[in-house]
Amino acid sequence: MPQLGLCCLFQEEPIKFRVTTARHLGTLSLSGRAAKLSTLCLHNAQALRDAIHFCSRHGIGAFRVNSRILPLKTHPDFGYELHQLPHGAEIEGCFLECGQTAAELQIRLSFHPDQFTLLSSPNPEITRKSIVELAYQAEVAEWIGADVINIHGGGAYGDKASALKRIARAIEQLDGAIRSRLTLENDERVYTPSDLLPLCRAHQIPFVYDVHHHRCLPDGLTVEEVTGMALKTWNRPPLFHISSPKEGWGQPNTNRHHDYIDIADFPDCWRQLDITIDVEAKAKELAVAQLRRQLAGI
DNA sequence: AGCGGTCAAGTTGAT
DNA sequence: ATCAACTTGACCGCT
């Protein structure tokens with residue numbers, strides 16, 4: 001049976017990750033900024049530790065770490081290094097503990113940089129900033145032992161073939177910490193599995209199969225076909241995504257995520273696989289628990 | 001204490 | 001040409 005993964009947040013369990021805004025930091029003195037960021041980062045490292053324990057206690061096999069675990073880490077004006085913060089060493093130590101605990105409890109950790117992180121852009125400055133973002137997440141990934149940093153293809157810019165070539169070129173220039181963790185996922189608007197799988201095969205990048213996106217943006221391949229092709233791209237346990245449409249299928253907008261997973265949306269061919277499935281549902285740990293019960297036939 | 005406006009980033013597609 | 005939707009809630013300033 002697959003391991004189920006929880007994404008970033010909790011619905012009921014009181015584990016919170018804190019953030020701040022650039023605007024607010026701008027109102028503070030230099031030392032005030034460092035103090036504020038230090039407090040938030042330490043809080044978030046401890047919250048991650050709590051999240052890992054929660055997953056272990058509740059039969060959840062994976063946890064996706066929010067991109068803002070270190071708030072504004074790569075912001076052009078307010079970015080920082082951990083050693084510049086009053087509790088920098090303590091924060092790093094807490095992340096290292098998270099890594100040990102996750103390894104002991106066998107909780108798989110991953111990252112999913114958001115839509116601003118693009119390797120397909122024709123604008124080199126956007127690519128450069130994206131790689132800075134990937135480097136930040138890779139640094140935390142090293143501390144905590146996360147093995148996946150998953151991104152989308154991004155835009156097509158009117159010429160998908162050229163955009164795919166830019167992704168490939170950028171991938172070949174990544175350093176090992178990023179490269180060894182980077183994965184590509186099909187999205188609901190531009191890049192289908194058919195678009196990404198050849199690139200993944202050619203450059204040894206694992207393919208994260210999101211079946212909901214595939215149903216929103218089909219490419220002629222069946223769920224079974226893509227599942228088989230996706231599995232072959234992995235040199236470690238495969239990671240897939242599941243979600244259900246908020247308003248149901250056949251409505252104008254199927255992109256929005258439902259609170260829970262409709263078991264009818266869960267591919268039968270996934271039931272016996274040794275894979276991790278991130279559950280993208282707004283009810284968070286409650287949705288994972290419900291899906292877990294349904295898969296167990298309870 | 002409670003409320004509501006606001007929040008770094010890029011691209012697409014609806015209007 | 002403009003703007004919401006992606007993720008999505010939490011923060012902060014004001015009353």
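In what follows, chains carry the letters A, B, and so on, assigned in the order in which the sequence lines appear, proteins first and then strands, with residues in each chain numbered from 1.
- For Phe266(A), the ring pair (Phe, Tyr, Trp, His ring centres under 6.0 Å) criterion is met by Trp270(A), not counting sequence neighbours.
- dT7(C) atom P lies 9 Å from atom NE2 of His112(A), rounded to whole Å.
- Hydrophobic cluster membership differs between Leu72(A) and Val132(A), with clusters built from Ile, Leu, Val, Met, Phe, Trp and Tyr side chains linked at under 4.5 angstrom.
- Nucleotides dG9(C) and dG10(B) have their P atoms positioned 24 Å apart, rounded to a whole Å.
- Under the rule for a salt bridge (charged side-chain N to carboxylate O under 4.0 Å, His left out), Glu104(A) has no partner lying at least two apart in sequence or in another chain.
- The CD atom of Glu280(A) sits 7 Å away from the P atom of dT7(C) (whole-angstrom rounding).
- Residues satisfying the salt bridge (charged side-chain N to carboxylate O under 4.0 Å, His left out) criterion with Arg292(A), sequence neighbours excluded, are absent altogether.
- Judged as a ring-ring contact (aromatic ring centres under 6.0 Å, His included), not a single pair has a partner in residues 164-201 of chain A (not counting sequence neighbours).
- Of the charged side-chain nitrogens involved, at least one lies within less than 4.0 Å of a carboxylate oxygen, so that Arg128(A) and Glu125(A) count as a salt-bridged pair.
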Which pairs would a plain distance check flag for residues 56-65 of chain A, meaning a side-chain donor or acceptor within less than 3.5 Å of a matching protein atom at least two apart in sequence or in another chain?
unit_1: His58(A); atom_1: ND1; unit_2: Phe54(A); atom_2: O; d: 2.9
unit_1: Arg64(A); atom_1: NH1; unit_2: Glu280(A); atom_2: OE2; d: 3.2
unit_1: Arg64(A); atom_1: NH2; unit_2: His241(A); atom_2: NE2; d: 3.3
unit_1: Arg64(A); atom_1: NH2; unit_2: Asp278(A); atom_2: OD2; d: 3.3
unit_1: Arg64(A); atom_1: NH2; unit_2: Glu280(A); atom_2: OE2; d: 2.9

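- For dT7(C), the glycosidic angle deviates from 0 by 90° or less, giving a syn base.
- In this structure, Asn66(A) atom CG and dC11(C) atom P are separated by 12 Å, rounded to whole Å.
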**Item:** Reading 5' to 3' through nucleotides 8-15 of chain B, protein heavy-atom contacts under 4.0 Å coded B for base, S for sugar-phosphate only, - for none
**Value:** BBBBBS--

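- Ile15(A) has its CD1 atom 17 Å from the C1' atom of dA10(C), to the nearest Å.
- Non-hydrogen atoms lying under 4.0 Å from DNA chain C are contributed by Leu9(A), all within residues 4-11 of chain A.
- Of the side-chain N and O atoms in Lys284(A), one or more sit less than 4.0 angstrom from OP1 or OP2 of dT8(C).
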Result block: side-chain N/O donor-acceptor pairs under 3.5 angstrom for residues 26-44 of chain A, not counting sequence neighbours:
unit_1: Thr27(A); atom_1: OG1; unit_2: His24(A); atom_2: O; d: 2.6
unit_1: Ser29(A); atom_1: OG; unit_2: Ser31(A); atom_2: OG; d: 3.3
unit_1: Ser29(A); atom_1: OG; unit_2: Gly32(A); atom_2: N; d: 3.0
unit_1: Arg33(A); atom_1: NE; unit_2: Leu25(A); atom_2: O; d: 3.1
unit_1: Arg33(A); atom_1: NE; unit_2: Leu28(A); atom_2: O; d: 3.3
unit_1: Ser38(A); atom_1: OG; unit_2: His87(A); atom_2: N; d: 2.9
unit_1: Ser38(A); atom_1: OG; unit_2: His87(A); atom_2: ND1; d: 3.0
unit_1: Thr39(A); atom_1: OG1; unit_2: Ala35(A); atom_2: O; d: 2.9
unit_1: His43(A); atom_1: NE2; unit_2: Lys16(A); atom_2: O; d: 2.8
unit_1: Asn44(A); atom_1: OD1; unit_2: Arg18(A); atom_2: N; d: 2.8
unit_1: Asn44(A); atom_1: ND2; unit_2: Arg18(A); atom_2: O; d: 3.0
unit_1: Asn44(A); atom_1: ND2; unit_2: Ile69(A); atom_2: O; d: 2.9

**Complete:** Dot-bracket assigned to DNA chain C with the 3.5 Å Watson-Crick/G-U criterion, [ ] for crossing and | for other-strand pairs, is ||||||..|||||||

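- Here the separation of dG5(B) from dT8(C), taken at their P atoms, is 23 Å to the nearest Å.
- Taking the P atoms as reference points, dA8(B) lies 13 Å from dG13(C), given to the whole Å.
- Applying the ring pair (Phe, Tyr, Trp, His ring centres under 6.0 Å) test to Tyr80(A) and every residue at least two apart in sequence or in another chain returns nothing.
- DNA chain C is contacted by both Thr27(A) and His213(A); His213(A) maps to the nucleotide lying nearer its 5′ end (nearest heavy atom per residue).
- Close to dC6(C), at under 4.0 Å from its OP1 or OP2, lies no side-chain N or O of Lys282(A).
- Between the C1' atom of dA5(C) and the CG atom of Asp187(A) lies a distance of 13 Å, rounded to the nearest Å.
- One can place CG of Leu25(A) at 14 Å from P of dC7(B), the figure rounded to the nearest angstrom.
- Applying the ring-ring contact (aromatic ring centres under 6.0 Å, His included) test to pairs two or more places apart or on separate chains, those with a residue in residues 122-145 of chain A are Phe95(A)-Trp143(A).
- With respect to Arg215(A) and Glu188(A), no salt bridge is recorded, no charged nitrogen being found less than 4.0 Å from a carboxylate O.
- For dT6(B) and dC3(C), the P atoms lie 14 Å apart once the distance is rounded to whole Å.
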Residues 149-168 of chain A side chain polar contacts: donor-acceptor under 3.5 Å, at least two apart:
unit_1: Asn150(A); atom_1: OD1; unit_2: Thr183(A); atom_2: OG1; d: 2.8
unit_1: Asn150(A); atom_1: ND2; unit_2: Glu185(A); atom_2: OE1; d: 2.8
unit_1: His152(A); atom_1: ND1; unit_2: Glu185(A); atom_2: O; d: 3.2
unit_1: Asp159(A); atom_1: OD1; unit_2: Ala161(A); atom_2: N; d: 3.4
unit_1: Asp159(A); atom_1: OD1; unit_2: Ser162(A); atom_2: N; d: 3.2
unit_1: Asp159(A); atom_1: OD1; unit_2: Ser162(A); atom_2: OG; d: 3.3
unit_1: Asp159(A); atom_1: OD2; unit_2: Ser162(A); atom_2: OG; d: 2.5
unit_1: Lys160(A); atom_1: NZ; unit_2: Val190(A); atom_2: O; d: 2.7
unit_1: Lys160(A); atom_1: NZ; unit_2: Asp195(A); atom_2: OD2; d: 2.8
unit_1: Arg166(A); atom_1: NE; unit_2: Ser120(A); atom_2: O; d: 2.7
unit_1: Arg166(A); atom_1: NH2; unit_2: Ser120(A); atom_2: O; d: 3.1

